Structures are given as C-alpha cells and as structure tokens.
Amino acid sequence: MNPILSALPTTVFETMSQLARETGAVNLGQGFPDDPGPEDVRRKAADAVLNGWNQYPPMMGLPELRQAAATHYKHWQGLDLDPATEVMVTSGATEAIAGALMALVTPGDEVVLFEPMYDAYLPLVRRAGGIPKFVTLTPPHFGLTEEALAKAFSPKTKVVLFNNPQNPTATIFGEADLALLADFCVRHDAIAICDEVWEHVVFDGRRHASVLGRPEMRERTVKISSAGKIFSLTGWKVGLVMAAPAIMRVLAKAHQFITFTTPPNLQAAVAYGLGKEDGYFDGMRADFQRSRDRFASGLRDLGFTVLPSAGTYFLNVDIAPLGETDDVDFCRRLVTESGVAAIPVSAFYAEGAVRNVVRFCFAKHDATLDAALERLAHRRPR
Ligand code: GLN
C-alpha cells in the first residue's frame, strides 16, 4: 500500500461530524450551511435531470457553463478568459487541486504551502512527489512576511499552493500580499495554484481580487473555484478551473483520467446560477455576515476571545485566555461535555506548534447558532 495514504488518519471533518452524530452535538465543525441553497438553481438541476442530457458531457465541461464562467469572472473580477481554451469543469475544487498537482509537479519539485492549510493539500502534494516547504502563519493575524517567503522559496520551487480567502484562518491575502507572492513566483519561475473557492464569501464590503488578474501572473496561475461555495451547495462538487492555454492543456490531461467529466445536469444548473443578478451574491454575503456577527457577539458575551473573520463560513476562537493549552483536547471536551462540535486548528498545521485556536462554522440558521451558544453558556468545558 502507498505509505503516504496508509499513514493518514481520517479527516478531522469526518471525525468531528461522526462524533457530533454520536453525541447529538450541535455541529459547527465541518463547514456546510444549514440553508438548502437557492431554489431556482436546484430546480434547474432537477429539470436538467428529468428533461436534459444524462450521458457523458464534453470532457472540458458544458460549453454553456464554460461561457457562463468567463462572463461571470469578467463581471465580478475583471478577468478576460477564453471559455474554449482557459476554462475547465471538474468534479469539485478538490479534484482540480489534485489534478493540478499531478499535472505540474514532478517528483522532487518543491511546493510552497502556507500553514495552517486546508487538510487535503499536504497529502496531495506528497502523493504527487512534491517536497513541501512551509510558510507558517500565526494567530491572531496570520500575516505573510517577505522573510518567511524568502526562506520557503528556492531554485527548486515549482508550485505555490494557497487558499484565498483562507480556510481555516478566515483571513484574506490582500493586494500587498499577492504582489509579494507574485514577485516570488516570477523570480523563481513558479506557478501559483490558487484555491479561490471562498471568493464570493467575503464580508464588510470586500471584493475578491484573483491572483490570475495580475498581468505578471496571467501565464503562471491556476485559479480554482467551486459552485459548492458560490451557491451554498457543498455536496454538488462542481469545480471550475481557469488557466492560460499552455497550462490548461496539461491540466486537461490529468482531468481526463481522474473523473473525465462532471454530472451534466449540475453543470447546467451552475451555468444558470453564475448568471444570477448581483443581488443574489450580495444577499448571500450579507446573510452570512449577519450570522457571523450574531455568533461572534454571542461568543464574546460568554467571554470567548474571537479572532476576526474577513471571509469563509468560519470564525476562530483563541482558547489560550481560557487557560487551555491543547485545542484537540478542548474540542473533544467541547463535543462530549458541552454538546458543540468544532475543529481544532492544529489539524491544519504540519510544522507550526499552534494549539490555541478553535474553528467554528457560523453558516447556520439563527436557531442552530443560538442552541450552540446556549449549550456553551450552561456547560462550559472544564
Ligand atoms: N471544506 C469543509 C470545511 O472546511 C470540509 C470539507 C470536507 O469535509 N471534506 O469544513
């Protein structure tokens, strides 16, 4: 058996969701919304199942979805994409990330990663034969420095893989960070794989800037998006990949032998959804922001130290002021004694020794958030 995979534990999301089911806890661990998602988009999918094409769609994705993606990203992010050569549909962003690593990394190449990182990244990098080089980001700001990048990049750097906005930190690499990263990529002739699945889930009036929009990165970026996060339909697993034709040709080779295609009915519904009016996207953000604020203020009232959340479905709590020194143990007690499931952020670090941050998902109905707060109020973990 392959030692990289056989040595892996079950993902922390599955472990915590399982524990939540067993204990009847309020599940604020794994990140998925309570809301069923936009009804018109779901009806479109249902209609396409009943009346549409249910055989293999084109390998690169339905032409109407690739065109809708190009139009959508022109409108929202100012990107000029050729739908015929620069857009591909995958079965979720995770397939896109795995495929991009398979396509771009040759064993022995170095891959720069930012920890805490989404838990799929490191095993996929290793399985592709990449040598991980970490930039460690630390709370409360999880900021990027030139010194840290200079230590991680080398003449062997082939790829830098990052998430923006970032899960689990709920922070965003802004213009200055992206400029710095771009500078390192150009100097080291590296390609950026940018997982931008949270691009629409940004708060307080922010607007997402894609690294693909930077002229110096136009030919060296793989932008990855996900209908799951754009439409709060996390089970759909429809991903979008955008890259210049020279890169896309190789990404397509990986895709053709991983999944080959993605269900055509879901693609048709996503094509429709991407063309929804601005109000839908603004309303979705506003709703999540309201949930964030409701949960954050509830936590603060209970004496928790809440870290800022600029985007994603998550907010983090610093447990050090509670005298806690082990986030894994804290989360175990939180679920068994308080009846609330959360995610220990140390699960996203490979090297850094950060053990004082716990992630909560606030993309829930008020009643769910209030139930969690009530449990925390009455049964604070000891
Ligand atoms: N993206 C989700 C999260 O961060 C988890 C997805 C999964 O369980 N694989 O919570």
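Side chains included, hydrogens not; waters and symmetry mates left out as well; all remaining heavy atoms used. Just so it is clear, the model here is predicted, and its values are computed rather than measured. Each ligand, and each atom within it, is numbered from 1 in the order the structure gives.
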Strictly by modelled atom types, are Glu110 and Ser154 linked by a side-chain donor-acceptor pair under 3.5 Å?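 Yes, side-chain donor-acceptor contact under 3.5 Å.
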
Does Phe314 have Arg359 sitting over its ring (NZ/CZ under 6.0 Å from centre, angle to axis within 45°)?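 Yes - Arg359 lies over the ring of Phe314, closer than 6.0 Å to its centre and within 45° of its axis.
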
Anything under 30° is parallel, anything over 60° is perpendicular, the rest tilted; go ahead and classify Phe260 against Tyr56.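 The rings of Phe260 and Tyr56 stand perpendicular, inter-plane angle above 60°.
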
Determine the interplanar angle of the Phe162 and Phe114 rings, folded into 0 to 90°, and report it as parallel if under 30°, tilted if 30 to 60°, perpendicular if over 60°.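 Rings of Phe162 and Phe114: perpendicular, as their planes differ by over 60°.
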
Applying a heavy-atom distance cut-off of 4.0 Å, which protein residues contact ligand 1?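 Only Phe13, Gln30, Gly31, Tyr118, Asn167, Phe314, Arg359 have heavy atoms that fall under 4.0 Å of ligand 1, ordered by chain and number.
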
Taking salt bridge (Lys or Arg N to Asp or Glu O under 4.0 Å) as the definition, give me every residue that meets it alongside Arg206, ordered by chain and number, with sequence neighbours left out.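 Partners of Arg206 under the salt bridge (Lys or Arg N to Asp or Glu O under 4.0 Å) test: Asp204.
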
Is a salt bridge present between Arg290 and Asp293, judged by a nitrogen-to-oxygen distance below 4.0 Å?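 No.
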
